[in-house]
Asks: 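Before anything else, here's the structure in question.
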Amino acid sequence: MSAKYIFVTGGVVSSLGKGLAAASIGCLLEARGLRVNMMKFDPYLNVDPGTMSPFQHGEVFVTDDGAETDLDLGHYERFTHAKLSRDNNLTTGRIYEQIITKERRGDYLGKTVQVIPHVTNEIKNAAKKVAATDNVDVVLVEIGGTVGDIESLPFLEAIRQMRQELGRDNTCFVHVTLVPWIAAAQELKTKPTQHSVKEMLSIGIQPDILLCRADRDVPQEMREKIAAFCNVEQAAVIIARDVPSIYEVPLNFAEQGVDELVMKYLRLDSKPADLSKWQDIVYRSYNPKDTVEIGIVGKYVEYEDSYKSLKESLVHGALAENLKLKVTWVEASGLEVEDYASQLSGFDGILVPGGFGKRGIEGMLNAIRYARENKVPYFGICLGMQTACIEYARNVAGLQNANSGEFDPATPYRIIYKLRELTGVEEMGGTMRLGAWECVMQPDSLAAKAYGTTKISERHRHRYEFNREFEKPLTDAGLRLTGASESGTYVEIVEIPDHPFFVGCQFHPEFKSKPLEPHPLFHAFVKASYANKKA
Ligand code: GLN
């Protein structure tokens, strides 16, 4: 049997949580024993989001094969077991890059290359390629953007054609819309949803299921009205209410029978969904034994989407300990003052996440110094590991003005320098050390104990590395280099031994944490932070 498709589109406004909705449906289908895969189409012209600012686009999610992708792929991996790679995130930029390469090679010789059929064919082929992997039963395809955008038209046209080609039993259209509360009128409004469906109809797509986002319950008459005006069955008007924990979304959908509907429309058969593990996660998130407070000191903190996976990984660690997580985002440059300590004293643990560029570095160094000196659990990720090394070099090993080549090329002590394999590489797109690489840890290290093994694979995204020329002065001063790449070339983990928890890693563990499988390092960090609170 070939895979069936569920297409998830969005209307009215962006940021309705299409990604989460798609991931939650995927989760429900998996809980029914089906094999799912997931993909995202992004209508922008960048080849991938790797070169976009996190302020523009949110986090760049990295897959095992080193693709820099949309953050929705993070949701897909957290909610399902879909194996994601660069094939699972396609942008308009990438499609055009492929088509223009083919055109120059002469593949279309004699023909005029056009949006229909050439662009739409590329889109359909990409979906079919994902459908052909690992015997999947269902592929969920999320279309980025909002219906009505010029940019997303070719994608919508492609999925319209897929319904035409594959038929009703093999394709299901889920449309996410908004039912806003108008404060002045004290009323919920269905008109935006009606307009959005009308917009879909004008390009030839009749949604099968409507996921209506609302901040409160939507009365039955209103659901009936939506069903009538939008031409869907009443049971297919699903109210996706705001919920405090995103892990409740699949349960909320299941209660309203979303999976039943999908199964019915796609003529699939399976056992009922077993959601006990998700119920347990949600129960725990509403019944914590206590709170743990983590300060995240970074550069993009005004915009939470920039650190999506990171925040979720901390939540997973906290849930594993039956704790409620409180995260305080600290703008790093705000710590570049005399009494930075006062801004940090309330935290049970401090984390410096990944980042690029010079702004805020001195503030991060202050935060790390504070955590090191006051024995506050510290977790440094990528940039947070590099800055931990710089802080140690300056304030413990006495290497004044030590720095990274990224921030101060003229530093006398270049503790962190550009990856040797990148010498001479000036191009910015996809040129970092990316994706899954193995790391070997010393058996007595904190990290190895947390993982319960000495060999792991983690995902990377960096352009700079620890400079081994400084291994001796730093280790003589007490820093431990406890993890390295398999060949020993790259330093992957650093630790300070006489400290309750001081771990820096060059990789990004946040890309592999799931609510049902919390990442060992995040779990250990949250545990240590809570122990610090209790002490
Ligand atoms: N800017 C640093 C580097 O390129 C850290 C990157 C990161 O934190 N992802 O190596």
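We use all heavy atoms of the structure for the numbers below, so side chains are in, but hydrogens, waters and symmetry mates are not. Whatever order the structure lists them in is the order used to number ligands and atoms, beginning at 1.
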Asks: Do the rings of His460 and His462 sit parallel, tilted or perpendicular, given the 30° and 60° boundaries?
Replies: tilted
Asks: Are Val292 and Lys324 packed together at the side-chain level, in the sense that at least one heavy-atom pair is separated by less than 4.5 angstrom?
Replies: no
Asks: Considering the heavy atoms of Arg461, write down every atom of ligand 1 situated less than 4.0 Å from one of them.
Replies: 6 (C), 7 (C), 9 (N)
Asks: Considering both backbone and side-chain atoms of Leu383, is one of its nitrogen or oxygen atoms within less than 3.5 Å of a nitrogen or oxygen in ligand 1?
Replies: yes
Asks: Can you tell me the protein heavy atom closest to atom 10 (O) of ligand 1 and the distance?
Replies: Tyr464 N, 2.8 Å
Asks: Who's closest to atom 2 (C) of ligand 1 heavy-atom-wise, of Arg463, His462, Glu406, Lys418?
Replies: Glu406
Asks: I want to check a possible cation-pi pair here: Arg372 against Tyr378, using under 6.0 Å from ring centre and within 45° of the ring axis as the test.
Replies: no
Asks: On the 0 to 90° scale, with breaks at 30° and 60°, tag the Phe379-Phe501 ring pair as parallel, tilted or perpendicular.
Replies: perpendicular
Asks: In terms of ring plane angle, is the pair Tyr247 and Trp278 parallel, tilted or perpendicular, where the classes change at 30° and 60°?
Replies: tilted
Asks: Closer than 4.0 Å to some heavy atom of Cys382 - which atoms of ligand 1 meet that?
Replies: 5 (C), 6 (C), 7 (C), 8 (O), 9 (N)
Asks: Numbering the atoms of ligand 1 from 1, which are under 4.0 Å from a heavy atom of His508?
Replies: 9 (N)
Asks: Does the side chain of Asn37 pick up a donor-acceptor pair with the side chain of Thr133 at under 3.5 Å?
Replies: yes
Asks: Quick test of your reading of the structure: of Gly355, Gly298, Ser404, whose heavy atom lies closest to atom 5 (C) of ligand 1?
Replies: Gly355
